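Atom set for the values below is all heavy atoms of this structure, side chains included, hydrogens, waters and symmetry mates excluded. Quick caveat: nothing in here was measured; it's all calculated off a predicted structure.
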Amino acid sequence: MTSSADPGERAAGRAPRRALVAGSVGNFIEWYEFGVYGFFATIIAANFFTPQGGSELEGLVKTYASFGIAFFFRPIGAAVFGRVGDRIGRRPTLILVLLMMTAATTLIGALPTYDTLGVAAPWLLTLLRILQGLSAGGEFGGAVSIMTEFAPPGRRGLYGAWQSFTVALGLLAGAGAAAVLATVMSEESLADWGWRLPFLLTLPIGLVALWLRLRLEETPFFRATADGEATTAPERVADRREMAGAIVMGAARIMGWAAAGYTFLVVMPSYLQATLNATFQQALVATVVANAGFALSILPAGLLSDRIGRRPVMLTGAALVVVLAFPLLNVLQDPDSSAWVQGAAVFVAGVVVGLMAGPGPAMLAEMFPTRVRYTGLGLAYALSNAVFSGCAGLIITKVIEHTGEVDIPAYYVMVTCAISVVALFTLRGEHHRGALPGAARRGGGRMPDGRRRRHAGDRPDVGHVP
């Protein structure tokens, strides 16, 4: 029996699902690698940044400096690839950044260490981290644009949440790979060559991701923009001013997500080892539990934000971090706390970060019109992550080294989340119910999904309380 559905309709129905998968898989690789680098930070420090006579903490600081450099190249990647993605399309740009990320990550796994190559080894590692930062900067804006522009009406929060969900999956996969290797290998073998295996695994995963992205269609929103009217010079000047304000506001709204996410989910293993004398296995287990809480809360948070709005869900997450940061950290610091209590503490930490990460991508997508969406949301995300994620490990480790204050992680996430609370109050409560800002400012017309375009919706949403 043949289906009565038109082949074009069936293809259109498959497009959103393909967009989710193809957009998600690049994020998975990106965050898998960043997670692996964070989880193996102490081993990488010993192999690349600690020549004979250097202290372990000194090597860890240099490792996090390399970690942070990659984040500071993310805004450059977001600007460059965002511009390309807004001009020639989301699909070809996402293919290019995926190839860059896969190649750079695989080469890290094959890179000679300091003992073999000398001083060139840390420089080559830093160069590969820069390439990863450039490609990662171009990944987020394109992936979120793809997911939200293909999303059915009323489902942008859920579709955008898949970006954050695959972040959690990538971090969990990285932590899982590290935990398995730490269990089945001796410490000597792991430090000698075993740490390379998770990086080399990126190559086959990247080939699968490439196949998926080659099958991806261009979004209807971008096609409508490409066929629409060109803007005049005065309009472009106004757009740049509005866009700059929207980028700053977007970065402030996700500042707490960036800082708390990396502090609780990536930096925590090295903090537990270097400051609280936990074993490598104990630190990894704690991180896996935190990332499990993060993963479990993301999709429900995105779905809930489609119903009640982005603002209340994200505000709840940021406010909870402010309230719970010290109690959760004190549980980890207490030698009398049982493993179950400590596990519950890191699980809760992951959950509250997920409340911000679930609605976050859709919230950013709704701030920018189609013709600058890839660039705008990518820059907002990259700038916030460059400062508050990439520097998290370096700031926390360096301040603890100089002050001896072990509560620095709590102070760090409290301050950044408090700023996000203020910024989130400027978010319009009903903005999630309207159409995505469209392709052209002039004229009524209809959006690519059939909804009528509204004049006000075509401007970047710097955000005002209704």
Side-chain angles (χ1 to χ4, degrees), residues 16 19 23 78 82 85-86 90 140-164 219-222 224-225 239 242-255 257 298 301-315 317 355-382 384 420 423-441 447-449 451-466:
D86 283 329
R90 284 70 164 112
F140 180 86
V144 174
S145 294
I146 283 280
M147 293 172 181
T148 55
E149 289 176 3
F150 269 117
R155 304 294 292 277
R156 282 198 303 270
L158 178 61
Y159 269 57
W162 276 90
Q163 189 281 335
S164 298
T219 75
F221 275 79
F222 179 80
T225 304
D239 283 347
E242 293 170 344
M243 183 175 170
I247 289 171
V248 172
M249 182 59 70
R253 287 172 179 172
I254 65 170
M255 179 191 304
W257 166 21
I298 289 170
L303 182 61
L304 183 62
S305 76
D306 282 329
R307 297 182 178 179
I308 68 172
R310 321 292 181 219
R311 185 172 65 185
V313 181
M314 296 185 71
L315 270 174
L355 294 179
M356 295 181 281
M363 181 273 296
L364 289 175
E366 291 160 356
M367 293 180 66
F368 300 94
T370 303
R371 63 180 177 272
V372 294
R373 181 170 296 122
Y374 196 139
T375 305
L377 72 89
L379 273 172
Y381 183 80
S384 188
S420 281
L424 284 166
F425 268 113
T426 69
L427 183 62
R428 286 185 283 183
E430 297 298 314
H431 198 65
H432 66 288
R433 300 189 187 280
L436 272 177
R441 177 175 298 162
M447 305 294 286
D449 59 4
R451 288 168 288 176
R452 183 165 296 278
R453 181 181 290 121
R454 293 179 297 179
H455 178 86
D458 289 332
R459 301 171 68 87
D461 170 30
V462 179
H464 302 283
V465 178

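Taking each heavy atom of Gly358 and Ala301 in turn, the nearest pair found is CA-CB, 4.3 Å. Taking each heavy atom of Gly376 and Ile247 in turn, the nearest pair found is O-CG1, 3.8 Å. Between Tyr374 and Gly85, the closest heavy-atom pair is CD1-CA, 3.5 Å. Closest approach of Gly141 and Ser145 over heavy atoms only: O-OG, 2.7 Å. A pairwise comparison of heavy atoms in Ala423 and Ala252 identifies CB-CB, 3.7 Å as the closest pair.
To the nearest 0.5 Å, the span separating CE on Met243 from CZ on Arg373 amounts to 11.0 Å. With rounding to the nearest 0.5 Å, the separation of OG1 in Thr426 from CZ in Arg253 is 4.0 Å. For the atom pair Met363 CE and Leu424 CG, the distance stands at 6.0 Å (nearest 0.5 Å). Separation of atoms CD1 (Ile254) and CE (Met249) is listed at 12.5 Å; rounding is to 0.5 Å. Taken from CE in Met367 to CD in Glu242, the straight-line distance is 12.0 Å, to the nearest 0.5 Å. One finds the CD1 atom of Ile308 at 10.5 Å from the CG atom of Leu303 (value rounded to the nearest 0.5 Å).
No side-chain heavy atom of Asp86 sits less than 4.5 Å from a side-chain heavy atom of Arg371. Between Val144 and Leu364 the shortest side-chain heavy-atom distance does not fall below 4.5 Å.
Put simply, the side chain of Arg156 never gets that close to the backbone of Thr148: no donor and acceptor are under 3.5 Å apart.
Contacts of Tyr381 classified as ring pair (Phe, Tyr, Trp, His ring centres under 6.0 Å), with partners at least two apart in sequence or in another chain: Phe140, Trp257. For Ser305, the side chain to side chain donor-acceptor pair (under 3.5 Å) partners two or more places apart in sequence, or in a different chain, are Arg310. Legend: residues meeting side chain to side chain contact (heavy atoms under 4.5 Å, CB included) with Thr219, ordered by chain and number and at least two apart, are Arg90, Ile146, Glu149, Phe150, Phe221, Phe222.
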